[in-house]
Q: 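Sharing a structure below in structure tokens format, with a few things to ask.
First the proteins, then the strands, lettered A, B, ... as listed; each starts at 1.
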Protein chains: 2
Amino acid sequence: MEPSPKRMPTLDEVAARAGVSRTAASRVINNAPHVSRAKREAVQRAVRELDFVPNPSAQALASRRAGAVVLAVSSDEPGLFADPFFAEIVVGVGTALEQTELELILLLANTPRGRQRFERLLRQRRADGVMLMALRGDDSLGRLCEEADLPVVFGGRPLRGEPAWYVDADNEGGARLAAEHLARTGRRRPVMISGQVDTRASAARERGFTDGLALAGLPLLGVEPGRFTEDGGAEAMERLLRAHPDPDAVFAASDAMAIGALRILRERGIRVPEDVAVIGFDDLASARHTSPPLTTVHQPVRALGEEMARMLVGALEGRRPGPLILPTRLTVRGSAPGLPA
Amino acid sequence: MEPSPKRMPTLDEVAARAGVSRTAASRVINNAPHVSRAKREAVQRAVRELDFVPNPSAQALASRRAGAVVLAVSSDEPGLFADPFFAEIVVGVGTALEQTELELILLLANTPRGRQRFERLLRQRRADGVMLMALRGDDSLGRLCEEADLPVVFGGRPLRGEPAWYVDADNEGGARLAAEHLARTGRRRPVMISGQVDTRASAARERGFTDGLALAGLPLLGVEPGRFTEDGGAEAMERLLRAHPDPDAVFAASDAMAIGALRILRERGIRVPEDVAVIGFDDLASARHTSPPLTTVHQPVRALGEEMARMLVGALEGRRPGPLILPTRLTVRGSAPGLPA
DNA sequence: GGGGAAGTTGGAAGCGCTTCCGGTTTTGTG
DNA sequence: CACAAAACCGGAAGCGCTTCCAACTTCCCC
């Protein structure tokens with residue numbers, strides 16, 4: 001009875017068993033060219049018989065490829081990661097990566113410590129590529145990646161600069177849809193709750209909403225930032241009501257903020273949707289459970305994650321995919337109903 | 001202008017610069033004993049001056065330690081990972097790991113493909129330990145880890161067997177609290193929606209609820225399983241109403257199911273909490289936004305993740321921590337209010 | 001039938017670190 | 001002051017794989 005350290009078979013043993021050189025065996029497992037059909041099959045048989053699995057550390061050391069990618073998440077609001085939004089992103093990324101040999105390293109870069117760890121990870125080249133969900137505008141994480149020169153794909157465009165690779169939802173278009181819907185259903189005095197000010201997504205949603213209103217010949221009465229959080233949304237709603245006592249529609253740049261706004265409206269005895277229509281952005285699961293259920297701009301979050309991963313894999317394989325914008329659409333529910341048929 | 005392959009300094013260079021052997025340098029960076037103070041400092045200086053970072057692949061290869069742990073999630077309900085519950089777990093784990101040098105590998109083991117990947121990951125010893133969030137009962141993932149003999153920490157106890165290390169919430173106690181609350185507030189005809197049948201958590205919640213009722217001298221009118229999903233909860237509620245037309249309380253083993261139940265009750269014109277009190281389990285963020293807001297058993301999800309990570313780290317360091325049960329408590333909201341003061 | 005081009009082949013040199021082991025120095029003790 | 005125990009030190013042997021390179025076959029076309 002050994003304590004079974006269970007030595008795993010090595011490439012040498014595979015090669016010996018197949019009667020070829022280690023070089024050839026290596027070529028086979030990496031299915032590289034320059035191996036005759038016969039040898040290739042011999043190696044494959046040996047691999048199967050020995051149940052050989054290459055040692056990733058050794059591969060990494062010799063080839064200088066880590067065999068992993070990292071998804072780094074950063075935002076000011078601590079715990080914002082807990083947002084189901086990120087959970088969906090992670091699922092998308094994980095799903096897409098399932099088709100590859102790459103492992104997914106997850107890194108929360110919210111705290112100073114987290115950013116240090118991120119930096120170290122890059123310097124160590126422990127990952128071959130990076131996916132960055134950076135919510136705040138001043139984010140230097142992208143620069144770090146460039147210095148390490150690892151391929152990066154952004155989830156959502158960063159505030160400054162136009163990175164080579166990103167995937168984003170059509171924030172502007174979605175917000176425009178919201179504006180059109182409100183205009184079409186007879187709303188005339190809209191206000192808006194924007195997100196974190198230093199965020200491109202927030203800016204795009206604000207622009208889209210404004211443009212959409214303008215097309216319909218409507219002014220935007222007021223805008224207040226709400227940090228993308230529920231409480232922030234509530235506070236913004238209070239400020240808006242103070243400045244503009246009688247809006248008949250509010251567009252929030254996220255569902256969380258819309259929920260906060262709903263709370264304030266209810267407290268004030270303002271009826272939704274009779275007095276004020278409310279539209280959110282994201283279409284989180286919880287948007288279905290508010291009362292009334294939230295009309296909101298749907299964005300394909302999981303697909304966003306999947307596309308990020310696919311794009312990164314493409315980059316690693318030497319392709320040069322461009323940016324990708326995923327469509328958004330309006331999900332109409334009770335908080336801003338359509339016209340009665 | 002080179003294309004800057006940016007060779008990183010190696011341990012040899014550090015050793016040379018510090019005027020010591022590579023062995024000594026290695027000892028220093030691993031802060032192992034048997035190095036004189038003088039040399040230790042010399043090496044540390046050299047490390048700083050060269051900005052040396054050890055190459056993890058090389059370390060892994062030589063030391064047979066991966067420097068990473070994996071969090072594997074498995075459940076039948078695809079996309080259940082998207083549950084904010086998991087997001088919180090991940091945040092907890094990530095936070096705890098921040099204090100260590102370990103990276104976090106995330107693996108979705110829902111699909112057959114995912115499980116294959118998990119298996120490969122173990123055989124490759126790409127991780128030094130495993131955290132397992134296995135929602136379903138028949139889960140063989142645990143056995144795989146044992147075979148690979150890697151330390152495993154379970155999140156929640158598996159249905160069968162009592163693993164050495166797990167961290168779980170006090171499901172039974174929490175459910176008992178729910179029962180007591182209902183009894184105390186005058187409810188006499190309770191029914192329950194349980195979770196996935198093959199789940200220990202569900203069983204524990206059912207047991208706790210039953211026991212709690214028994215202590216108060218109340219019978220449990222009926223139980224129906226609801227798969228831990230919103231739709232499952234709704235269906236269970238329908239079945240319950242069919243069998244027991246007039247309950248005055250329902251306890252759901254998860255918030256999602258409670259939300260489904262609320263929907264059915266509303267559709268049926270049954271008032272909450274006047275006619276029927278509803279209590280959930282989890283205290284997700286969305287529990288605050290139902291109408292009425294959901295009274296629910298709170299479990300410290302993030303702490304659960306943190307403790308899992310801490311426990312695993314402990315195991316890796318050779319400690320033998322035992323299982324850990326985290327307390328739950330009742331969060332009283334509108335769907336099952338307390339007694340008026 | 002000769003001259004390559006194109007495809008194969010394996011030896012050997014690493015990749016950058018850990019750790020065993022034998023030897024040397026320092027320390028502690030009676 | 002002698003002697004064993006404890007601490008320190010560095011040489012060298014790997015860890016398991018990739019890849020460069022030089023040599024060797026085949027095969028094709030004029």
Side-chain angles (χ1 to χ4, degrees), chain A residues 5-44 46-47 50-68 101 120-121 123-126 128 316, chain B residues 5-44 46-47 50-68 101 120-121 123-126 128 316:
Chain A
K6 261 182 195 163
R7 254 201 5 81
M8 305 241 55
T10 71
L11 189 57
D12 277 308
E13 302 176 50
V14 170
R17 176 158 197 138
V20 305
S21 71
R22 190 200 334 191
T23 306
S26 173
R27 289 197 180 108
V28 172
I29 71 166
N30 294 305
N31 50 60
H34 303 304
V35 190
S36 65
R37 191 178 169 74
K39 298 213 168 191
R40 187 172 296 268
E41 281 167 0
V43 171
Q44 284 164 342
V47 164
L50 294 176
D51 199 12
F52 169 78
V53 178
N55 176 319
S57 310
Q59 285 184 301
L61 180 57
S63 69
R64 300 150 170 295
R65 253 172 278 118
E101 306 268 83
R120 201 187 47 180
L121 185 119
R123 296 210 49 213
Q124 290 181 149
R125 293 198 100 69
R126 211 159 167 163
D128 300 318
L316 293 179
Chain B
K6 261 180 195 162
R7 255 202 4 82
M8 307 242 52
T10 72
L11 189 56
D12 278 308
E13 302 177 53
V14 170
R17 175 161 199 135
V20 305
S21 71
R22 190 206 329 201
T23 306
S26 173
R27 289 197 179 106
V28 172
I29 71 166
N30 294 304
N31 51 58
H34 304 305
V35 190
S36 65
R37 191 179 170 74
K39 297 212 170 196
R40 188 171 296 269
E41 280 167 0
V43 171
Q44 285 164 340
V47 164
L50 294 176
D51 199 13
F52 169 78
V53 177
N55 176 319
S57 309
Q59 284 184 301
L61 180 57
S63 69
R64 298 151 171 295
R65 253 172 279 118
E101 306 269 84
R120 202 187 46 182
L121 186 120
R123 296 210 50 214
Q124 290 181 150
R125 293 198 101 68
R126 212 161 167 163
D128 300 319
L316 293 180

Q: With no angle test and no hydrogens, is the base of C:dG10 tied to the side chain of A:R27 by a donor-acceptor pair under 3.5 Å?
A: yes

Q: Between B:R125 (CZ) and D:dC15 (C1'), how many Å, whole number?
A: 14 Å

Q: What's B:R65 touching, base or sugar-phosphate or nothing? Going by heavy atoms closer than 4.0 Å.
A: sugar-phosphate

Q: Ignoring hydrogens, what is the shortest heavy-atom contact between B:T10 and B:F52? Give both atom names and the distance.
A: C-CE1, 3.5 Å

Q: With a 4.0 Å cut-off on heavy atoms, is B:S63 in touch with a base, just the backbone sugar-phosphate, or nothing at all?
A: sugar-phosphate

Q: Nearest whole angstrom, please: distance from the P of D:dC15 to the CZ of B:R126.
A: 21 Å

Q: Counting only side-chain heavy atoms from C-beta out, which of D:dG16, D:dG10, C:dG7 sits nearest to B:V20?
A: D:dG10

Q: Which residue, B:V35 or A:F52, contacts DNA chain D at a nucleotide closer to its 5' end, judged by nearest heavy atom?
A: B:V35

Q: Look at the side chain of A:R22 and decide which nucleotide, out of C:dA13, C:dG7, D:dA13, has an atom nearest to it.
A: C:dA13

Q: Taking atom types as they are modelled, would you say the side chain of A:T23 forms a donor-acceptor pair with the base of D:dT19 within the 3.5 Å cutoff?
A: yes

Q: Just how far, in rounded Å, is P of C:dG16 from CZ of A:R123?
A: 14 Å

Q: Mind checking A:T10 for me? I need base, sugar-phosphate or nothing, with any heavy atom below 4.0 Å counting as a touch.
A: sugar-phosphate

Q: Can you measure B:D12 atom CG to C:dT18 atom P for me and round it to whole angstrom units?
A: 11 Å

Q: OP1, OP2 of C:dT9 versus side-chain N and O of A:S21: anything below 4.0 Å?
A: no

Q: With heavy-atom distances below 4.5 Å as the criterion, would you say the side chains of B:R125 and B:R64 are in contact?
A: no

Q: For B:D128 and B:A66, work out which heavy atoms get closest and say how close.
A: OD1-N, 2.7 Å

Q: Reckon B:P54 touches a base, only the sugar-phosphate, or nothing at all at heavy-atom distances under 4.0 Å?
A: sugar-phosphate

Q: Starting at CZ of A:R64 and ending at C1' of D:dG16, how long is that distance when rounded to a whole Å?
A: 16 Å

Q: Return the nearest nucleotide to the side chain of A:A24; candidates are D:dC9, C:dG10, C:dC17.
A: C:dG10

Q: Can you name the closest pair of heavy atoms from A:R126 and A:A68 and give their distance?
A: O-CB, 4.0 Å

Q: Looking at D:dC15, I'd like to know if its phosphate oxygens (OP1 or OP2) sit under 4.0 Å from a side-chain N or O belonging to A:N55.
A: no

Q: Quick check against the 3.5 Å criterion: does A:R17 have a side-chain atom that pairs as donor or acceptor with the backbone of A:L50?
A: no

Q: Nearest whole Å is fine: how far is D:dC17 P from A:I29 CD1?
A: 7 Å

Q: A:L316 versus A:R65: any side-chain heavy-atom pair under 4.5 Å?
A: no

Q: Kindly say if B:S36 contacts the phosphate of D:dC9, meaning a side-chain N or O under 4.0 Å from OP1 or OP2.
A: yes

Q: Without decimals, in angstroms, what is the distance between A:L50 CG and D:dG16 P?
A: 14 Å

Q: Would you mind telling me which of C:dT18, C:dC15, C:dC17 lies closest to the side-chain atoms of B:A58?
A: C:dC17

Q: Under 4.0 Å, counting only non-hydrogen atoms across every strand here, what does A:R37 touch: a base, just sugar-phosphate, or nothing?
A: nothing

Q: In whole angstroms, how far is the P atom of C:dC15 from the CG atom of B:L61?
A: 14 Å

